[in-house]
Structures are given as structure tokens and as C-alpha cells.
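Let me begin by presenting the structure, written as C-alpha cells, before commenting on it.
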Amino acid sequence: MCGRYTLHTSPQRIAELFDAQLAVGLADFVPRYNIAPTTPAPVVRMADVGRVIELMRWGLIPHWSREPSTKFATFNARSEDAAEKASYRGPMRYRRCLVPVDGFYEWRKRDRGPKQPYLFRMADDQPFALAGLWDVWQDELQSFSVLTTKANTLMATIHDRMPVIVDPADHARWLDPGLQDPDAVADVLKPFPSELMLATPVTTYVSNARNEGPRCIEPVEPTIFD
DNA sequence: CCAGACGTTGTT
DNA sequence: GTCTGG
DNA sequence: CCAGACGTTGTT
DNA sequence: GTCTGG
């Protein structure tokens, strides 16, 4: 699963990498090391003019919701059955997006002490894309969810689920609003190869969602209890 | 048909 | 809006 | 995801 | 134990 991540690469570099236009205000997006559910984050989606990067709230609020509330856990969606779920059926067909990140966190429960956070990133330390779904509520609030899949062998040491990481070669197809049959993009939703990723135990400073800054990704030595 | 939910994960 | 349960 | 709160009334 | 806020 995926409930916290980083995006400290500059918006200009992200726009370049994803071949997308930055929405107004996004050029000033400050480096983030602790993006949490219910908070805004940059998302890449197709618009009439092509790919755009906009701020959306993490935690998908369906357009039919009475309240823009976080009543249910919609910051992740199971890729295996999202196309059949009431909340994701529409988004899976018409509103797929990419979530730019340069790493994400997972926590492992220990026998004693607080949970140990791990930072997962690419071995080459480059930014990458998570598969996302988005929606609009009351023509004013855009929000998104991150798809999950089976853990690869690296992640399986901590969890049996992981976020879907979209291979750059699949970006265009995933975003294509012309593909309205979930089967046409189902092959994109697979576990990313472990050998291209790294995991590092980091300080529990990141565990509090109010904490920010480079200190969040500070490595720590694994302990006997890890 | 209508009413009521609409979600995920880990842990027990 | 759309799915599930009764 | 984790951390932190978890309640009501009347009065100011 | 379970919900809300970040």
C-alpha cells in the first residue's frame, strides 16, 4: 500500500520528465518530503490541451458525494477490482492519472518500539510515476487515489501490497482518455521490478505527518529489532 | 424493485 | 452515479 | 500511512 | 477500539 511519499524534484523538472504543462501556481510548488492523505499534491492528467500538472487532494472524493469528507479510505484503490467498484468505475474508464513521486514510505511493525519507516525509491534515484485515479467534486475540488497491487519481492519483506508504478513506456497509454475499456490498460497494473528499486530504513521523524523537510529521508541503521 | 452503501490495510 | 443486499 | 483525539450544555 | 486530521 502507499500512504506517504516524497516529491522534492523541482516542478520544472517534473514537467519536463512527464512532458506536461504546469497549472498556474504549480511552478512555486515547494519540495515535499512527507506528503500525506487529505493534503494537496501535483497530479498529471490529460486535458484538451494535452498533459497538465495540477494540485489535487489525496483521497478521492467521488463526484456524487454529499460531503467532501474523508469518510472512507480512498487514498488507495485495489487495482485488481477497481473497475468494478462504485467509487472507481468511472475514474478507471475516464479519469486515470499519474502521480509524480521520487520515493514513498512503508512502515514495519516491530516487536518493541515505534513502527520502523522505510523509504522506497528507484535505484537511480530518479522520479517516477504512481498509477492514479481522479475525480471532481462540485466543479471545485479535484482529488485522487493511488492504485495498489501485489508486492514485489523487495516490498514483500514489509507488506503484501505496493503502489502501482507505471513504466515510462506505459505513461501515454495509461493517460489516454480514448481508452475507455479497463482491459485495454490492465497490463499496466503490475508489480514493478524489485531490482530497479532500493529500500532504506529512515528516521521515525517522518512518522508524524506534521513533520516536513529533508530530515524525513535521513537514513538510520537497522536495529536488532528491525 | 428500493434502500443503503460507496474503502483499504493490518491485526486479532 | 452505480453497485450490492434484501 | 501515523498521531492524536475520543463530549455536552449553557454561558461569555 | 475507532474516528479524524495531516
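All values below were derived from every heavy atom in this structure, side-chain atoms included, with hydrogens, water molecules and symmetry-related copies excluded. Throughout, a chain's letter reflects where its sequence line sits, starting with A, and its residues are numbered from 1. No experiment lies behind these values; they were computed from the predicted model shown.
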Next item on the list: Scan every strand shown for a Watson-Crick or G-U wobble partner of B:dA3, both distances under 3.5 Å, and answer none if you come up empty.
Entry: C:dT4
Check: For A:Leu60 and D:dC1, what is the distance between atoms CG and P respectively, to the nearest whole Å?
Finding: 17 Å
Notebook entry, point to check: Can you tell me if the side-chain N/O atoms of A:Lys71 get under 4.0 Å from OP1 or OP2 in B:dC6?
Noted result: no
Checklist line | Heavy atoms of other groups near A:Gln21 CD, more than 12 under 6.0 Å | finding: no
Note to self: Would you measure the distance from the C1' atom in B:dC6 across to the matching atom in E:dG6 and give it in whole Å?
What the structure shows: 24 Å
Check: Atom CZ of A:Phe75 and atom P of B:dG10: how far apart are they, to the nearest Å?
Finding: 10 Å
Note to self: Counting only side-chain heavy atoms from C-beta out, which of B:dC6, D:dC2, B:dT11 sits nearest to A:Trp64?
What the structure shows: B:dC6
Notebook entry, point to check: Taking CZ from A:Arg95 and C1' from C:dG1, how many angstroms apart are they, rounded to a whole number?
Noted result: 10 Å
Next item on the list: Please state how far atom CZ in A:Arg93 lies from atom P in C:dT2, giving the value in whole angstrom units.
Entry: 10 Å
Margin query: Evaluate A:Arg13 against A:Glu16 for salt bridge (charged side-chain N to carboxylate O under 4.0 Å, His left out), listing each step before the verdict.
Written below: CA-CA 5 Å; A:Arg13 173 90 178 114; A:Glu16 188 181 302; 3.3 Å; yes
Notebook entry, point to check: If you check the A:Thr148 side chain, which of C:dG1, D:dC2, B:dT9 turns out closest?
Noted result: B:dT9
Next item on the list: Between D:dG4, E:dG6, B:dG7, spot the one nearest the side chain of A:Ala36, thanks.
Entry: E:dG6
Check: Taking atom P of B:dG4 as reference, at what distance in whole Å does atom NZ of A:Lys85 sit?
Finding: 21 Å
Note to self: Does the structure show a Watson-Crick or G-U wobble partner for B:dT8, both distances under 3.5 Å? Name it, or say none.
What the structure shows: none
Check: Stepwise, does the side-chain contact (heavy atoms from CB on, under 4.5 Å) test hold for A:Val206 with A:Tyr33?
Finding: CA-CA 8 Å; A:Val206 72; A:Tyr33 294 82; over 6 Å; no
Margin query: Heavy atoms from C-beta onward define the side chain here; which of E:dG6, C:dT2, B:dG7 lies closest to that of A:Arg89?
Written below: C:dT2
Check: Per the atom types in the model, does the base of B:dG7 pair as donor or acceptor with the side chain of A:Ser87 at under 3.5 Å?
Finding: no
Notebook entry, point to check: With respect to the side chain of A:Trp107, which nucleotide from B:dG7, C:dG1, D:dC1 is positioned closest?
Noted result: D:dC1
Notebook entry, point to check: Quick check: are there more than 12 heavy atoms from other residues, nucleotides or ligands sitting under 6.0 Å from CG of A:Asp187?
Noted result: yes
Next item on the list: Using the P atom on both, measure B:dT9 against D:dC1 and round to a whole Å.
Entry: 8 Å
Notebook entry, point to check: Do we see a donor-acceptor contact under 3.5 Å between the side chains of A:Arg78 and A:Thr148?
Noted result: no
Next item on the list: Kindly indicate, with the supporting measurements, whether the criterion ring pair (Phe, Tyr, Trp, His ring centres under 6.0 Å) is fulfilled by A:Trp134 and A:Tyr94.
Entry: CA-CA 9 Å; A:Trp134 66 283; A:Tyr94 311 115; over 10 Å; no
Next item on the list: Select base, sugar-phosphate, or nothing to describe what A:Asn34 touches, counting heavy atoms under 4.0 Å on all strands.
Entry: nothing
Next item on the list: Just compare B:dT9, B:dT11, D:dC1 and give me whichever is closest to any side-chain atom of A:Arg78.
Entry: B:dT9
Notebook entry, point to check: What integer distance in Å separates A:Ile158:CD1 from B:dG10:P?
Noted result: 11 Å
Next item on the list: Identify which nucleotide among B:dG7, B:dT8, D:dC1 has an atom closest to any side-chain atom of A:Met1, counting heavy atoms from C-beta outward.
Entry: D:dC1
Check: Just checking A:Glu84: base, sugar-phosphate only, or nothing, at a heavy-atom cut-off of under 4.0 Å?
Finding: sugar-phosphate
Check: If you check the A:Arg161 side chain, which of E:dG6, B:dG10, D:dC2 turns out closest?
Finding: B:dG10
Check: D:dG10 and E:dC3: how far apart are their P atoms, nearest whole angstrom?
Finding: 28 Å
Item checked: Nearest-angstrom distance from the residue atom CG of A:Asp160 to P of D:dC1 -> 11 Å
Item checked: Presence of salt bridge, A:Arg173 and A:Asp176, under 4.0 angstrom -> no
Checklist line | Side chain of A:His159 - closest among B:dT9, E:dG6, B:dG7 | finding: B:dT9
Note to self: Whole angstroms only, please: what is the CG-P distance between A:Asn76 and B:dT9?
What the structure shows: 6 Å
Check: B:dG7 and E:dT2: how far apart are their C1' atoms, nearest whole angstrom?
Finding: 15 Å
Notebook entry, point to check: To the side chain of A:Tyr88, which of B:dG7, E:dG6, D:dG4 is closest?
Noted result: B:dG7
